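Only one structure is covered here, and it is reproduced in the block below.
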Amino acid sequence: MVKNLTRFNKFDLMKNLNNYSALITLIVLVVVASARYEQFLSLLNISNVMRQVSMVGLIAIGMTFVILIGGIDLSVGSIVALSGIIAAYLTNVSLILAIVVPLLVGLILGVVNGLVVAKMKVAPFIATLAMMMGVRGLAYIATGEVTITVNQEMAVFTQMARGYLWNIPIPVYILLAIVTVAVIISRHTRIGRHVYAVGGNEEAARMMGLKVESIKIFAYAVNGFLSALAGVILTSRLGAGQPVAGEGWEMTVIASVVIGGTLLTGGVGKFSGTFFGVLIIGILTNIFNMQGNINTWWQNVLMGALLLIVVIIQSKITSARHSAV
């Protein structure tokens, strides 16, 4: 009994360390950066950091749903590009279409990912890798490998990413709203609890009568929709849709989710932690930019080291959880 109690205490300790590691790291970064750089806490710098992370943050929230069910999605960067290109094209037609159609396309692509993974039982890595390659190819074909400029008369569209409300960039409000909705879903709705259940033990969830396939499709659909939303915002900010947009974002997004404390094995994680993880990456990037004399490749080294530490902690949590059982 004492031995089992010790195992549970070890598991709880490791889980708490994982839960709060992102917040602690974020606080340390803010303290160090504010002490080292006088302009770090300026309203201009903070708003720029928040605007920079808002698009990655949106996808990270969607990716959290996917990782919580034990999946992965490598197609998010390609969906960003294709949705942004569609938005740029449609600014010549209608503002509503320029926003709604790309979001629907992203939602449909997410559903397709979910169907292939859930119904056809294809490994998430392979299914979404194929989607990543296919959608990126469509983006290049649709543009002829050139940038599609947004209709300059569509000022409302460009203000969606460039505008401010009470000195805060509009994309920040969008990100905060999505984070809030995700937290509410995860804590106070049936589908949110089912997402955790499927990620924790898929077979047990199935035996409880949960519609595992539908839950998986839901997670991938949300991720596709939010990836498309990020693509629309990126196009609004750049004033153009680009076939190369979002390249490599999938790795940054996954890193943000993992640094935020979500286990890659599924079933454990918080959306607030993902938000902190996104901020950590954004602040690290900002610190490198303000330093000015550091090779930007060191940022990748630091990110990799941080990610490795978090994954090691998570592997210890998984081992402790299995030992406790």
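Values below: every heavy atom of this structure, side chains too, minus hydrogens, waters and symmetry copies. What you see is a predicted model; the values in this text were computed from it and never measured.
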Could you check whether the rings of Tyr173 and Trp166 sit parallel, tilted or perpendicular, using 30° and 60° as the cut-offs?
-> perpendicular
Could you pull out all residues at least two apart from Arg36 that satisfy salt bridge (charged side-chain N to carboxylate O under 4.0 Å, His left out)?
-> none
Taking every heavy atom of Met132 against every heavy atom of Ser78, the minimum-distance pair comes out as O-OG, 2.8 Å
Is Ile215 linked to Phe271 within one hydrophobic cluster, defined over Ile, Leu, Val, Met, Phe, Trp and Tyr using a side-chain heavy-atom separation of less than 4.5 Å?
-> yes
Yes or no on side-chain contact (heavy atoms from CB on, under 4.5 Å) for Leu109 and Met131, after CA distance, side-chain angles and deciding distance?
-> CA-CA 8 Å; Leu109 292 175; Met131 180 66 77; 3.9 Å; yes
In sequence, state the C-alpha distance, the side-chain angles, and the governing distance for Tyr220 and Leu115, and then conclude on side-chain contact (heavy atoms from CB on, under 4.5 Å).
-> CA-CA 9 Å; Tyr220 280 100; Leu115 287 171; over 6 Å; no
Please name the pair of heavy atoms, one in Val183 and one in Ser272, separated by the smallest distance, quoted to 0.1 Å.
-> CG2-N, 4.4 Å
In Å and rounded to the nearest 0.5 Å, what is the OG to CD1 distance from Ser186 to Ile191?
-> 12.0 Å
Is there a path from Ile148 to Ile99 through hydrophobic residues (I, L, V, M, F, W, Y) whose side chains come within less than 4.5 Å of each other?
-> no
If two hydrophobic side chains count as joined below 4.5 Å and joins carry through other members, does Ile85 share a cluster with Val80?
-> no
Using the rule that two of Ile, Leu, Val, Met, Phe, Trp, Tyr join whenever any of their side-chain heavy atoms come within less than 4.5 Å, decide whether Val116 and Ile108 are in one cluster.
-> yes
Trace of the side-chain contact (heavy atoms from CB on, under 4.5 Å) decision for Phe218 with Ile69 = CA-CA 10 Å; Phe218 166 79; Ile69 63 167; over 6 Å; no
Just wondering, do Ser83 and Val105 contact through their side chains at under 4.5 Å, heavy atoms?
-> no
Glu145, CD: over 12 other non-hydrogen atoms inside 6.0 angstrom = no
Same cluster or not: are Leu107 and Leu74 linked, directly or through other Ile, Leu, Val, Met, Phe, Trp or Tyr residues, by side-chain heavy atoms under 4.5 angstrom apart?
-> yes
Quick one: is the NZ or CZ of Arg51 closer than 6.0 Å to the six-membered ring centre of Tyr164, and within 45° of its axis?
-> yes
